[in-house]
Amino acid sequence: MSTLSLEEVTKRFGSNVALNNVSLEVHDREFVVLLGPTGAGKTTLLRCVAGLEKMDSGDVLIGGENVKAQAPAERDLAFVFQNYALYPRKSVYQNIAFPLEARRASKAEIEVEVKKVAEVLHIEHLLERRPIQLSGGEQQRVALGRAMVRRPHAFLMDEPLTNLDFKLRTQMRSELKRIQRELNETFFYVTNDQVEAMSMADRIAVLNKGVIQQVGMPQDVYDHPTNLFVAGFIGNPRMNLVQCSLDTNSPALVDSGGAWRLPVSTTFRDQIAAGGNTDALLFGVRPEDVSISTDDSGIPGDVYVVEPLGDRIIYDIRVGTSIFKVKTPPTYRIQSGSQLNLCFNLDRVHVFDAKTQQAIF
Amino acid sequence: MVRQPQVFLMDEPLTNLDAGLRADMRAELKHLQSDLGITMIYVTHDQTEAMSMSQRIAVMNLGVLQQVGAPLDIYERPATLFVAGFIGNPPMSFSDATLSADNVLHGAGFTMSLPAEVAAQVRQNQTQPNLVFGVRAEDISLMNASKQDAIRGSVVTVEPLGDETIYTLKVGEAQFYASTAPTVRFVPDENVALSFNMDRIHLFDAQTQKRVI
């Protein structure tokens, strides 16, 4: 277990800047998830930490020591991929024992270590099996076990759950989190799945186009995205985002299509006006912060699509030329085509500057 | 569409899209289908797509049709263990269970009394004593462990998703998922009390795998 520090890391492939001045610290025993879309530079960043990729500039520190000049093997990090790469002819026991054998540990020592790891991973009953006799989730645990016996400084994981079906993925998410807590080790985990990031991370680092967008605790990033990219990337269904401007006199937010006006407080107005831009704004609200009005108040719209999900229903409501997704309990049932009014939880709405893409609040 | 065919057959058309776009396209396809009044058979392994888009779902496993019905009917009354575990995310939690003569359900690490008419229905439908108890994450409420006569468990992991938080709980030998509002805050290893929404529990015959209530 050790701290990982990335300091002003830049990496180019030809004229393409894959990582642009990235600084990030993963604290000792922390679970940090690096989240971003395909092509954001996540794997490149992980490979720079591991020493598999040469940086153009910047430093990587492990436990405070600059490892830039060290070869991958010297850095003593465990790298777990989505492809498990287990030895097919070896048993689970032999697979996990392999790094210890390579280190010439004694038979007794190996047995103690393998048993200990198998216990944490809940695979004690599988030790005699071969990889082909295991499910995807079990294979993943064995791969993890093989990394764990080495006692590395930190675990680097590159989308390890991507190849599992959704049920197993849900299970392994909570398992990995439990394992990290029990091992008390440093985890640096890469994914494009915001659910994995939200659910597992102590802190999330959002990466897009080689630039760190925001670093923070999951609920904070969800509640207070600092820019449009983070707002749209985290949360499912996505945050509703609609172009609008500010009418400073009444005061109100006004839909660019002219379909709605949302009266706001003077404090709210002053906060937006302070940014100097009142024309090109984006109004953002998450589907769970929109409700369907029980009286005539609110913004009128009609039901475009109804999506029952069992534990909730998503309504797509058409307001002018925009669609608002609204999340309601499953007991709330209205028909497609119905007319209704929408209300917003004003404590939880967001406004972004459309030019700078930054959150005003 | 320009050919105006009699039926549209679709084979996982949204699989390669990213999550955000997939959610948008789901709604768009559903709107198109109802707007154009076309017949559509759509194949997917994604239960969210099935639930959200269809008028009726046909659940298939190992070449056998398991259940056909409206999405919410299937969600609320899955006919078999397979359907119960396949539809819904996080998946339904299960525990082996038996029913004693005094109408008490004995699960792995918990007991609960069943209403007499529910117990009678179970007895009528079960082919042998072994049952599987099932409950969905949203049908479990969590409270401080001090509460009497509730089912006790401990928190294994906490997964905040933003709009809700998923708890993985250990209750005796069984593992349960519970979903709560993001404002509920328990921590790993904390002891909690669980209560199930009795109107929404599920029981299956462990051998035939069929629903018994």
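Lettering of chains follows the sequences in order, A, B, ..., and the numbering in each one begins at 1.
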- side-chain contact (heavy atoms from CB on, under 4.5 Å) partners for Ala84(B), two or more places apart: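 Expected list: Pro78(B), Met92(B), Phe94(B), Phe204(B).
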- Item | Per-residue contact mode, Pro308(A) against chain B (heavy atom under 4.5 angstrom) |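 Pro308(A) touches chain B through backbone and side-chain heavy atoms alike.
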For [X], is the [atom1] atom crowded, meaning more than 12 foreign heavy atoms sit under 6.0 Å from it?
| X | atom1 | value |
| --- | --- | --- |
| Gln128(B) | CD | yes |
| Met198(B) | CE | yes |
| Asp96(B) | CG | no |

Count the heavy-atom pairs under 4.5 Å between each of [options] and chain A, then report the option with the highest count.
| options | value |
| --- | --- |
| Gly88(B), Pro91(B), Ala23(B) | Pro91(B) |
| Ala19(B), Pro182(B), Ala50(B), Pro188(B) | Pro188(B) |
| Pro71(B), Pro90(B), Gly85(B) | Gly85(B) |

Can you pull every donor-acceptor pair closer than 3.5 Å across chain B and chain A?
| residue | atom | partner | partner atom | Å |
| --- | --- | --- | --- | --- |
| Gly20(B) | O | Arg238(A) | NH2 | 3.2 |
| Asp24(B) | OD2 | Arg238(A) | NH2 | 2.3 |
| Arg26(B) | NE | Glu307(A) | OE1 | 2.9 |
| Arg26(B) | NH2 | Glu307(A) | OE1 | 3.1 |
| Glu28(B) | OE1 | Tyr304(A) | OH | 3.4 |
| Glu28(B) | OE2 | Tyr304(A) | OH | 2.8 |
| Lys30(B) | NZ | Val306(A) | O | 2.4 |
| His31(B) | ND1 | Tyr304(A) | O | 3.2 |
| Tyr75(B) | OH | Asp311(A) | N | 3.4 |
| Gly85(B) | O | Lys167(A) | NZ | 3.4 |
| Asn89(B) | OD1 | Thr170(A) | OG1 | 3.4 |
| Val156(B) | O | Arg181(A) | NH1 | 2.8 |
| Val156(B) | O | Arg181(A) | NH2 | 3.2 |
| Thr157(B) | OG1 | Ser174(A) | OG | 3.3 |
| Val158(B) | O | Lys177(A) | NZ | 2.6 |
| Glu159(B) | OE1 | Arg173(A) | NE | 2.8 |
| Glu159(B) | OE1 | Arg173(A) | NH2 | 3.3 |
| Glu159(B) | OE1 | Ser199(A) | OG | 3.3 |
| Gly162(B) | O | Gln219(A) | NE2 | 3.0 |
| Asp163(B) | OD2 | Lys327(A) | NZ | 2.0 |
| Glu164(B) | OE2 | Arg312(A) | NH2 | 2.9 |
| Thr168(B) | OG1 | Ser174(A) | OG | 3.2 |

- Under 4.5 Å from a heavy atom of chain A, the part of Leu72(B) involved: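 Side chain only.
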